[in-house]
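First comes the structure, then the notes that go with it.
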Amino acid sequence: MKKKFINIIYINLIALTLMFQVGCNSFLDIRPKGELPGSQLLNKPEGFESALYGAYASLRTNNLYGMTLSHQMTEVLAQYFECYGNEFVNQLNDYNYKSSIVESSIDNVWADMYTNIANVNNIIISLESFSEKDFRHYNLYKGEALGLRAFMHFEILRYFTKNIQLDNSAEGIPYSKKFALEPSDFVSASKAYELVIEDLVEAEKLLAQDADLFTYPKNNPDDAFIRDRETHFNLYAVQATLARVYFTMGDYPNAAIQAKKVVNSNKFELLTKSDLAEGIMKGIIYPKEAIFGIYSTTYYNTVRERFYFETSFSSYNPRKDIKSIYEKEQRGHDYRWEGFFKTPTTSTGSLRFIKLVDQYMIDDREWQRPAAYIPGINMIRLPEMYYILAESLLSSSPQEAANYFDTVLESRGLTGLQNRDEANEKQLTKERITDERYKEFIGEGQTFLNMKRLNSNIIATDNSVISASDAIYVWPIPFDELEYNPKK
């Protein structure tokens, strides 16, 4: 088996560099093996900016959020899609992580994430030779890098370790702060969560300038690095990730504190039902709602082939009962249905999932796309903060929880629970929040992780019930990693 894991990465580290960005269209190339960028790159602002752009570019590759962790592997595990005859999908539907094709994808996630962590560490370590006096955006460089390091470790934790709420003594992962040839030691999951929070708290302080740079409505400055801050790991991405981390840990008071920071910042706004019906968000980093997204024009090619076209053994079809899921307990009209799906125009056609497909590119009218509509991958959006608040406050402040929940519900065209007539329809429950999350985040790689957080049984596409277990929810750490870097 090809060895692709953190230690081989450290031995044969592929260091990433980037041609200087014009707007947000130029991204890094891969350097030859063994060539580590040092003083020749990371000694001036342009070098640090290039390296950061490189880190974002790495996140959009197919092994990470360009495919596997956004709309492909994760969404099959969440039982959103079917693809008969596709062996990869068949193995995923059975949660067979020992299948060679699935194992390879999992190993690639581990390897590529740690490769990117190593390169981000190079940025952080190199910045230690400088200070705020040297670079105008020094704090932004360091804050973004620390935030990214924490974000990537947290993602690895969510996939490769046990549910921390069920097992506080769970085995963890290596938390890497080095750019070196030797691997980092494994730490417990609880320690890794502690280190994630530590990095995020420091990043939050360093990114305070975003309170002024991040405007709504957007007012882009001339300085290229501080334009389109939603495509950077900005202050609000840090706070939203902290909300996710605390929420995953079951620390609801702190999760609510962080989510409120984002909601109350007034830098974002929920889309309206008209926005959704018109599909203004298709294939782009959501206007108004995007807290953090990854710029990408290549994402279109992947999602078009998988969802827009109907190709045997390749294209994914929504589960057969998907419409009934959007109609469950519906009062009003859920405009996500028009925005996310395309109904067949012929008797032989099938329902298509188009939420991720850039309509300007499909229609060959890219030139008409408004400048604020950035093609790419949504990583963190505003509705998630409302759902975190609704669930976090469900016991301690039920009225406040209901207010947050109804705000999203009504923005999607549905009647808020508090405005319904029957008593049994007014009550907010965790199940209702979970149902809404399932509808909202289809195609965004969040649902499987939310199921894991809740330790939920999974309703398969054939409506059979898959019992929650570590065998389902914990991805195996690559064998070669454990062999080369055994846990102490």
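Reckoned from all heavy atoms, side chains included, excluding hydrogens, waters and symmetry mates.
Look at E202 and K205 and you find no salt bridge, because none of the NZ, NE, NH1 or NH2 atoms lies under 4.0 Å from a carboxylate O. A salt bridge links K328 to E431: at least one charged side-chain nitrogen sits closer than 4.0 Å to a carboxylate oxygen. K282 and D358 are not joined by a salt bridge, as no carboxylate oxygen comes within less than 4.0 angstrom of a charged side-chain nitrogen. Between K177 and E198, at least one side-chain nitrogen of the basic residue sits less than 4.0 Å from a carboxylate oxygen of the acidic one, meeting the salt-bridge criterion. Using a 4.0 Å cut-off between a side-chain N of Lys or Arg and a carboxylate O of Asp or Glu, E338 and K273 do not qualify as a salt bridge. We find that R229 and E144 are joined by a salt bridge, their nearest charged nitrogen and carboxylate oxygen being less than 4.0 Å apart.
Below 30°, between 30° and 60°, or above 60°: for F135 and F48 the angle between ring planes is between 30° and 60°, a tilted geometry. Ring geometry for Y326 against F341 counts as perpendicular: the plane angle is over 60°, on a 0 to 90° scale with 30° as the lower cut.
At most 12 non-hydrogen atoms from other residues, nucleotides or ligands lie less than 6.0 angstrom from CG of D222. Heavy-atom neighbours of N264 CG from other residues, nucleotides or ligands within 6.0 Å: above the threshold of 12. More than 12 heavy-atom neighbours from other residues, nucleotides or ligands sit within 6.0 angstrom of NZ on K439. More than 12 heavy atoms of other residues, nucleotides or ligands shown are found within 6.0 angstrom of CD on E310. Within 6.0 Å of the NZ atom in K342, the count of heavy atoms belonging to other residues, nucleotides or ligands does not exceed 12. More than 12 heavy atoms of other residues, nucleotides or ligands sit less than 6.0 Å from atom CD of E425.
Judged by distance alone, the side chain of D334 and the main-chain N or O of E327 form no donor-acceptor pair under 3.5 Å. Judged by distance alone, with hydrogens and angles left aside, the side-chain atoms of N122 form no donor-acceptor pair with the main-chain N or O of F179 at under 3.5 Å. In this structure, N163 contributes its side chain and Q165 its backbone to a donor-acceptor pair below 3.5 Å. At least one donor-acceptor pair closer than 3.5 Å links the side chain of N378 to the backbone N or O of I284. Checking side-chain atoms of R60 against main-chain N and O of I377 turns up no donor-acceptor pair under 3.5 Å. When atom types are taken as modelled, the side chain of S397 and the backbone of L393 share no donor-acceptor pair closer than 3.5 angstrom. For the pair D134 (side chain) and S131 (backbone), a donor-acceptor distance under 3.5 Å is present. The backbone N or O of Y65 lies less than 3.5 Å from a partner atom in the side chain of S70, making a donor-acceptor pair. A side-chain donor-acceptor contact under 3.5 Å links S265 to the backbone of K267. H153 places a side-chain N or O within 3.5 Å of a backbone atom of S176 that can act as its donor or acceptor partner.
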Q.
Between F309 and R304, does the side-chain contact (heavy atoms from CB on, under 4.5 Å) criterion hold? Intermediate values first, please.
A. CA-CA 6 Å; F309 293 146; R304 178 190 59 181; 3.7 Å; yes
Q.
For T447 and I442: C-alpha separation, side-chain torsions, deciding distance, then whether side-chain contact (heavy atoms from CB on, under 4.5 Å) applies.
A. CA-CA 7 Å; T447 297; I442 181 173; over 6 Å; no
Q. Between R412 and E289, is a salt bridge (charged side-chain N to carboxylate O under 4.0 Å, His left out) present by the stated rule, with each step listed?
A. CA-CA 13 Å; R412 273 50 188 156; E289 289 187 356; 2.9 Å; yes
Q) Is there a salt bridge (charged side-chain N to carboxylate O under 4.0 Å, His left out) between K260 and E400 once you walk through the steps? A) CA-CA 12 Å; K260 279 184 181 180; E400 189 179 4; 2.8 Å; yes
Q) Stepwise, does the salt bridge (charged side-chain N to carboxylate O under 4.0 Å, His left out) test hold for R437 with E440? A) CA-CA 5 Å; R437 289 183 69 121; E440 181 68 35; over 6 Å; no
Q: Please test K426 against D421 for salt bridge (charged side-chain N to carboxylate O under 4.0 Å, His left out), starting from the C-alpha separation and ending with a verdict.
A: CA-CA 8 Å; K426 290 179 176 290; D421 296 328; over 6 Å; no
Q: Given side-chain contact (heavy atoms from CB on, under 4.5 Å), test M113 with L69 step by step and report yes or no.
A: CA-CA 11 Å; M113 199 74 86; L69 298 182; 3.9 Å; yes
Q. Are Y236 and F214 close enough, and set up right, to give a ring-ring contact (aromatic ring centres under 6.0 Å, His included), and what steps lead you there?
A. CA-CA 9 Å; Y236 307 104; F214 211 119; 5.5 Å; yes
Q: Please lay out, stage by stage, how I294 and Y299 fare under the test side-chain contact (heavy atoms from CB on, under 4.5 Å).
A: CA-CA 10 Å; I294 301 171; Y299 194 61; over 6 Å; no
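By the 4.5 Å heavy-atom criterion applied to side chains, Y216 and K288 are counted as neighbours. Looking at heavy atoms from C-beta onward, N450 lies out of side-chain contact with F441 at the 4.5 angstrom threshold. Taking 4.5 Å as the limit, some side-chain heavy atom of H232 sits within range of a side-chain heavy atom of Y56. In this structure, Q418 and N403 have side chains that are in contact, with non-hydrogen atoms separated by less than 4.5 Å. At least one side-chain heavy atom of P221 sits under 4.5 Å from a side-chain heavy atom of R227.
Listed by first then second residue, pairs satisfying salt bridge (Lys or Arg N to Asp or Glu O under 4.0 Å) with a partner in residues 235-247 read R244-E384, not counting sequence neighbours.
Annotation: cation-pi geometry satisfied between R381 and Y286 (NZ/CZ under 6.0 angstrom from ring centroid, within 45° of ring axis). At least one cation-pi condition fails for R352 and Y308: the charged atom is not both under 6.0 angstrom from the six-membered ring centre and inside a 45 degree cone around its axis.
Using modelled atom types and a 3.5 Å distance limit, the side chains of N63 and D112 yield a donor-acceptor pair. Donor-acceptor pairing under 3.5 Å is lacking for the side chains of E230 and N234.
Taking the six-membered ring wherever Trp is involved, the centroid distance between the rings of Y159 and Y473 does not fall below 6.0 Å. If you look at Y252 and Y246, their ring centroids are not closer than 6.0 Å. The six-membered or imidazole ring of Y387 lies away from that of Y404, with a centre-to-centre distance of 6.0 Å or more.
For the ring pair (Phe, Tyr, Trp, His ring centres under 6.0 Å) criterion with Y80, the lone passing option out of Y438, Y316, F340, F307 is Y438.
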